[in-house]
Chemist: 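First the structure, then my questions, so here it is.
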Amino acid sequence: MRRYITNRAVDALLTVWLVLTLVFFAMRVLPGDPAVAALGDQASSDQLEAFRALMGLNDPLPLQYVHFLWDMLRLDFGTSFRTGDRIGALLAGALPYTLQLAFAAMLVGAAIGIPAGVVAATNRGRSADYIARLLSLLGLCIPEFYLGALLLIVFALRLDLFPIMGGGAGFLDRLNHLVLPAVTLGIVMAAFTARLTRSSLLEVLRRDYIRTARARGAPERVVVWRHALRNALIPVVTGFGIYILTMLSGSISIELVFARPGLGTVLVSGILARDYPVVQAGLVVFALCVVVVNLTMDVLYALIDPRIRVEAL
Amino acid sequence: MRHPVTLICLAIVVAFVAIAAFGPLILPQDPLAQSFIARLKPPSAAHWFGTDRYGRDVFARVLLGTRWSLLLGLAAPLIAGTLGTLIGAFAGFYGGWFDRIAGRVADLLMAFPSLLLGILLAAALGPGFGNLIAAVAFAFLPRFIRVARASTLAVRSEPYVEASFAAGEHPLRIVLRHVLPNISGPVIVVGTLWIATAIRIEATLSFIGLGVQPPAPSWGNIIRDGLTNILGSPWPVVTAGFTLTLCVLAFNIVGDAVRDALDPDYRE
């Protein structure tokens with residue numbers, strides 16, 4: 001067990017290093033002067049020079065790289081080129097909005113997706129199955145920001161049921177602002193979940209113990225929901241990590257649609273303002289989220305299923 | 001492959017490709033021409049998809065945007081497929097340190113959803129279409145390396161490869177003549193499946209502001225621009241988004257059909 005966790009942790013560290021290195025060099029090979037980007041075209045050459053010295057942009061590349069790794073290791077993200085704010089505080093303020101969105105979306109996705117998958121599997125080949133499969137295909141193909149914009153047009157603009165933008169203040173208002181973004185991402189998530197639940201349940205329903213349960217006269221409702229679904233949900237639950245990451249990448253454009261002040265909004269506004277330290281920090285935080293989620297899932301699997309500890313060495 | 005839905009989707013795919021290739025020749029109106037009196041109009045006979053906040057014809061802009069979406073949709077899997085196949089084939093064939101490093105890096109990067117990796121790299125590289133292609137191609141690369149490597153390992157132990165070794169053929173020649181042609185099937189399957197995803201990622205990145213830069217139209221930036229003026233008219237968002245979804249859906253279904261035709265394991 002200890003060896004397994006050590007190996008996974010080493011993998012996680014390697015991934016972090018790999019992504020940090022990619023980000024660093026991708027941002028440095030870029031044509032364009034960060035000093036000009038930060039201070040504007042009107043800045044004098046003295047100002048530009050002072051800025052470069054301050055930010056360490058004159059140092060040789062390897063030295064900048066070492067500084068960069070050391071800063072990121074200490075989670076010291078520096079200050080924004082534009083506003084001079086501490087980026088760490090900026091990200092810490094934004095993170096809850098993104099996490100709440102991802103979590104709420106997963107709840108919505110499970111609440112719609114699992115029953116839809118069960119209905120599709122138990123009605124295999126009939127119209128309910130086709131409708132469920134068609135909807136889930138549509139849910140997988142429709143870009144989440146377009147779906148979000150459609151919901152915004154219908155439910156916020158036309159019907160005036162929900163606020164158009166922002167994150168909200170106070171618990172109820174925040175919840176109200178969360179509904180449309182969470183439903184948008186939740187529908188995408190439901191499409192994944194329904195597909196997986198359907199195929200998994202179809203496989204389980206063929207097993208012997210299900211035939212036994214039926215032979216003993218258990219009602220079909222009990223066979224499906226009590227006996228079969230429990231086993232069928234194992235692959236759905238183990239897909240949890242992938243879902244969180246899918247929700248995380250989807251949240252970036254969704255936050256933009258609903259002007260929600262989360263991580264994606266910080267990242268995108270940094271990109272548009274060419275605020276390099278903010279972009280860099282945003283990228284690192286997203287990468288860290290991915291690695292932390294993967295590592296957590298790996299450890300959880302090993303705790304739940306002892307076979308994995310041995311096989312996945 | 002002969003399912004009617006598949007055939008309809010194939011027709012849609014062909015139509016999109018034709019629009020991408022010849023669209024600029026049949027443009028109904030200048031996609032960049034602004035008109036102050038025709039701002040934010042709903043769809044009409046003159047403007048099928050309505051007009052945007054500058055009075056530009058949205059249909060003409062969507063038509064022209066097809067070009068960018070399909071260009072990236074095809075270029076990114078093609079580049080990733082070519083590079084990934086070469087890396088994966090040599091890694092699988094020769095083994096050793098190159099295989100260990102390439103395999104490990106691919107595995108580690110697989111932890112990222114391709115959309116997220118694409119966004120991260122595009123954000124690091126900055127706005128622009130060339131950067132966009134590079135970012136998306138790189139995001140796909142690990143998946144192609146994995147497929148090519150696994151297929152190469154299977155092919156490597158086939159009798160005809162061993163016979164070539166015994167006949168004293170140069171290893172490089174074996175890779176080029178025997179391995180690459182035989183692993184091309186799975187790679188093409190993976191490639192067609194990623195076209196729809198690539199189109200989606202292009203739209204998402206253009207929507208975020210990293211892809212095609214205005215005033216040049218792409219589906220993503222038309223939706224973004226429409227969203228900033230959604231109180232004036234929802235039509236640019238609705239029509240461009242519908243076109244985008246239709247395109248992704250059609251490529252997805254055709255991609256699935258290609259996989260079913262080439263790879264019997266997946267057939268339901």
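First the proteins, then the strands, lettered A, B, ... as listed; each starts at 1.
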Chemist: Which bit of A/Ile252 is near chain B, if near means a heavy-atom gap under 4.5 Å: side chain, backbone, both or neither?
Modeler: side chain

Chemist: Do you know which of B/Ile119, B/Ile223, B/Val238, B/Asn252 has the most heavy-atom pairs under 4.5 Å to chain A?
Modeler: B/Val238

Chemist: To the closest 0.5 Å, what do you measure between CG (A/Asp11) and OG1 (A/Thr6)?
Modeler: 11.0 Å

Chemist: Is chain A contacted by the side chain of B/Leu120, its backbone, both, or neither, given a heavy-atom distance below 4.5 Å?
Modeler: both

Chemist: Salt bridge check, B/Asp256 against B/Arg259: does any charged N sit closer than 4.0 Å to a carboxylate O?
Modeler: yes

Chemist: Between chain B and each of A/Asn294, A/Leu256, A/Leu140, A/Val268, count heavy-atom pairs under 4.5 Å; write down the option with the most.
Modeler: A/Leu256

Chemist: Heavy-atom cut-off 4.5 Å, strictly under: side chain, backbone, both or neither for B/Ile208 against chain A?
Modeler: both

Chemist: Measure B/Ala203 against the heavy atoms of chain A and call it side chain, backbone, both or neither at under 4.5 Å.
Modeler: both

Chemist: Top residue by heavy-atom pair count (under 4.5 Å) with chain A, among B/Thr204, B/Asp107, B/Leu109?
Modeler: B/Thr204

Chemist: Side chain, backbone, both or neither: which part of B/Phe251 has a non-hydrogen atom closer than 4.5 Å to chain A?
Modeler: neither

Chemist: Taking side chain as everything from C-beta outward and backbone as N, CA, C, O, which of these in A/Ile142 sits under 4.5 Å from a heavy atom of chain B? Side chain, backbone, both or neither.
Modeler: both

Chemist: Measure A/Val293 against the heavy atoms of chain B and call it side chain, backbone, both or neither at under 4.5 Å.
Modeler: neither

Chemist: Is chain B contacted by the side chain of A/Ile242, its backbone, both, or neither, given a heavy-atom distance below 4.5 Å?
Modeler: neither

Chemist: Before accepting this row, confirm whether a basic side-chain N of the pair A/Arg8/A/Asp298 lies closer than 4.0 Å to the acidic partner's carboxylate O.
Modeler: yes

Chemist: Quick one: what part of B/Leu205 sits under 4.5 Å from any heavy atom of chain A, side chain, backbone, both or neither?
Modeler: neither

Chemist: Against chain A, label B/Leu210 side chain, backbone, both or neither, depending on which of its atoms sit under 4.5 Å from a heavy atom there.
Modeler: side chain

Chemist: Which heavy atom in B/Ala139 sits nearest to a heavy atom in B/Gly118, and how many Å separate them?
Modeler: CB-N, 3.7 Å

Chemist: Rounded to the nearest 0.5 Å, how far apart are CG of A/Leu151 and CD1 of A/Ile187?
Modeler: 5.5 Å

Chemist: With sequence neighbours excluded, tell me which residues meet ring-ring contact (aromatic ring centres under 6.0 Å, His included) with A/Tyr243.
Modeler: none

Chemist: Counting only non-hydrogen atoms closer than 4.5 Å, does A/Leu18 touch chain B with its backbone (N, CA, C, O), its side chain (CB onward), both, or neither?
Modeler: side chain

Chemist: Given heavy-atom pairs under 4.5 angstrom as the criterion, report whether the side chain, backbone, both or neither of B/Leu249 touches chain A.
Modeler: both

Chemist: Does any heavy atom of chain B fall under 4.5 Å from the side chain of A/Ala12, the backbone, both, or neither of them?
Modeler: neither

Chemist: So which part of A/Leu14 gets closer than 4.5 Å to some heavy atom of chain B, the side chain, the backbone, both or neither?
Modeler: both

Chemist: Test: salt bridge (charged side-chain N to carboxylate O under 4.0 Å, His left out). Region: residues 135-151 of chain A. Which pairs qualify, not counting sequence neighbours?
Modeler: A/Glu144-B/Arg200

Chemist: If I compare all heavy atoms of B/Ile145 with all of B/Ala106, which pair ends up nearest, and what's the gap?
Modeler: CG2-CB, 4.1 Å

Chemist: Measure distances from A/Leu283 to the heavy atoms of chain B and classify the residue's part below 4.5 Å as side chain, backbone, both or neither.
Modeler: both

